[in-house]
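These notes concern the structure reproduced below.
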Amino acid sequence: MPPADLLLVWYDRHRRTLPWRGEADPYRVWLSEVMLQQTTVAAVTPRYVRFLARFPDVAALAAAPWEALAEEWAGLGYYARARNLHAAARAVVAAGGFPCSAAGLAELPGIGAYTAAAVAAIAFGEPVVPVDGNVERVTARLFAEAAPLPGAKPRLAALAARFMEQPAARARPSDFAQALFDLGATLCTPRRPACALCPWSGHCAAAAQGIQESLPAKAAKKLRPVRYGVHFLLRDTAGHMLLRRRPPEGLLGGMLEVPGTPWRDAAWTLAEAMPFAPAALPWRAASGEARHGFTHFELRMRLMLAEVPRLSDRAGFEVHVAGAAVPTAMRRLLALAPACPAMREAG
DNA sequence: TACGCGTGGCG
DNA sequence: TCGCCAAGCGT
């Protein structure tokens, strides 16, 4: 078992400065952990700061309408996180505060085993080891665990949990967790790990065998199918556009989109797509195609354009200004449109 | 267990 | 250009 104190000494010298680092407020720790789920530090940092300025505490978040949260989360991806964040904030306010144990935290929506352990360790000092991708990689290498992910997850979690058997780790659960994150992020990286700088290199079975770059092993991935859609952008001379809100669950759930066809495996002919237009108008095709890669398929969208003098509200649609907060897939689609009519006249 | 669920950066 | 990857969760 690698000594916890070696890692903590390294951490005390090399810890990164991050907006949420050193924070023990459970709201802020929770928010940072949710934002960081499958999302890079670089992407999260500005969004975390902006989010806190808008929703400074759990009461503010709980009181906010969904539309405000959707706007704030637009572009960050995995929108179920935002929906669960909202529901959890309301549960926390109703309960009078955050649960202060990993077990209690794990009952909140959007908080799984990892996030529960991370918040419990960082905000409440509970002696638990949060096991994320970093910790899995570090652990797989330390013990030269050859079994591929995701099957090896339980085994790696059990190995990682044993770090907490050491008094040095139990004395500083928050720092120990974040030290593991930093080790995985800066030295024990997926490619070309910097073993020469690693405080645990002398205790690493993979380094001893020279197999660190091939661990952790991963199961083969499936290929991503292509899907197609045609969308209809209706604008007015004031620069407004007609959007609609997607159903509350599923892909891009609760987020704004440009109206259009469903996304299917075969490309659409214009005649097939036209019944999905929000109005009978002289639609013209924008040039080009927007591509966007989702986790499990690649989307190729074409854009049709039409203008009316003035957009008004109607059932099932919403009028928004140009520049409205939309998911990235929609932002790329909208980029196919030339400048709005009013801008054209002005320019 | 395996899949659905976003996005941006990097080699 | 493209596959891989990032502080996962819910079903």
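Each chain gets a letter, A, B and so on, in the order the sequences are listed, and its residues count up from 1. The structure displayed is predicted, hence computed values, not measured ones.
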task: Identify which one of A:Phe163, A:Phe143, A:Tyr11 satisfies the ring-ring contact (aromatic ring centres under 6.0 Å, His included) criterion when paired with A:Trp200.
output: A:Phe163
query: B:dG4 base to A:Thr295 side chain: any donor-acceptor pair below 3.5 Å?
result: no
Side-chain N,O (A:Thr115) to OP1/OP2 (C:dC9) below 4.0 Å: yes
- request: Would you please say whether a donor-acceptor pair under 3.5 Å links the side chains of A:Tyr114 and A:Glu33?
  value: yes
- prompt: Closest to the A:Pro190 side chain: C:dA7, B:dT7, C:dC5?
  reply: C:dC5
- request: Would you classify A:Trp30 as touching base, sugar-phosphate or nothing, given that sugar-phosphate means primed atoms plus P, OP1 and OP2, and contacts are heavy atoms under 4.0 Å?
  value: nothing
- request: Would you kindly give the CD-to-C1' distance between A:Gln38 and B:dG8, to the nearest whole Å?
  value: 13 Å
task: Rounded off to whole Å, could you give me the CG-to-P distance for the A:Leu223 and B:dG4 pair?
output: 13 Å
query: Taking atom C1' of C:dG3 as reference, at what distance in whole Å does atom CZ of A:Arg224 sit?
result: 9 Å
- prompt: Rounded to the nearest Å, what distance is computed from the CG atom of residue A:Leu85 to the P atom of nucleotide C:dC9?
  reply: 13 Å
- prompt: NA contact type, A:Ala42, heavy-atom cut-off 4.0 Å: base, sugar-phosphate, or nothing?
  reply: nothing
- prompt: Contact class for A:Gly75 vs. all strands (heavy atom < 4.0 Å): base, sugar-phosphate, or nothing?
  reply: sugar-phosphate
- request: Can you tell me the distance, in whole Å, between the NZ atom of A:Lys218 and the P atom of C:dC5?
  value: 5 Å
message: Applying a 4.0 Å non-hydrogen cut-off, can you work out what A:Ala177 is touching in the nucleic acid: base, sugar-phosphate, or nothing?
response: nothing
task: Please determine if a side-chain N or O atom of A:His296 lies less than 4.0 Å away from the OP1 or OP2 oxygen of B:dG4.
output: no
- prompt: Just to confirm, is there a sub-4.0 Å distance from OP1 or OP2 of B:dC3 to any side-chain nitrogen or oxygen of A:Lys222?
  reply: yes
task: To the nearest Å, give me how far apart NZ (A:Lys153) and P (C:dG10) are.
output: 14 Å
- prompt: Between A:Thr115 and A:Gln37, do the side chains contain an N or O donor and an N or O acceptor separated by less than 3.5 Å?
  reply: yes
- prompt: For A:His292 and B:dG6, is the shortest distance between a side-chain N/O and OP1 or OP2 below 4.0 Å?
  reply: no
- prompt: Out of B:dG6, B:dC5, C:dA7, which has the shortest distance to the side chain of A:Tyr114?
  reply: C:dA7
query: Is A:Thr39 side chain donor-acceptor paired with the B:dG6 base, going by distance under 3.5 Å alone?
result: yes
- prompt: Would you call the rings of A:Phe297 and A:Trp263 parallel, tilted or perpendicular, where under 30° means parallel and over 60° means perpendicular?
  reply: tilted
message: Counting the atoms with a prime plus P, OP1 and OP2 as sugar-phosphate, which does A:Arg21 contact under 4.0 Å by heavy atoms, base, sugar-phosphate, or nothing?
response: base
message: Using a 6.0 Å distance limit plus a 45 degree cone around the ring axis, check whether A:Arg314 lies over the aromatic ring of A:Phe317.
response: yes
field: Modelled atom types, side-chain donor and acceptor of A:Thr39 and A:Arg81, under 3.5 Å
entry: yes
Atom pair distance, as rounded to whole Å: CZ in A:Arg191 and P in C:dC4: 10 Å
Touch class at under 4.0 angstrom, heavy-atom based, for A:Leu299 against every strand present: nothing
Residue closer to the 5' end of DNA chain C, A:Arg16 versus A:Pro109 (nearest nucleotide): A:Arg16
message: Below the 4.0 Å mark, does C:dA6 have OP1 or OP2 next to a side-chain nitrogen or oxygen of A:Tyr78?
response: no
message: Using whole Å, what does the distance between atom P of nucleotide C:dA7 and atom CD of A:Gln178 come to?
response: 14 Å
message: Less than 4.0 angstrom between a side-chain N/O of A:Thr328 and OP1 or OP2 of B:dG8, yes or no?
response: yes
- request: Return no unless some side-chain N or O of A:Arg332 is found under 4.0 Å from OP1 or OP2 of B:dG8.
  value: yes
message: Categorize A:Ile111 for me: base, sugar-phosphate, or nothing, with a 4.0 angstrom heavy-atom threshold over every strand shown.
response: sugar-phosphate
- request: If the plane angle is over 60° it's perpendicular, under 30° parallel, otherwise tilted; pick one for A:His86 and A:Trp66.
  value: tilted
message: Applying a 4.0 Å non-hydrogen cut-off, can you work out what A:Pro150 is touching in the nucleic acid: base, sugar-phosphate, or nothing?
response: nothing
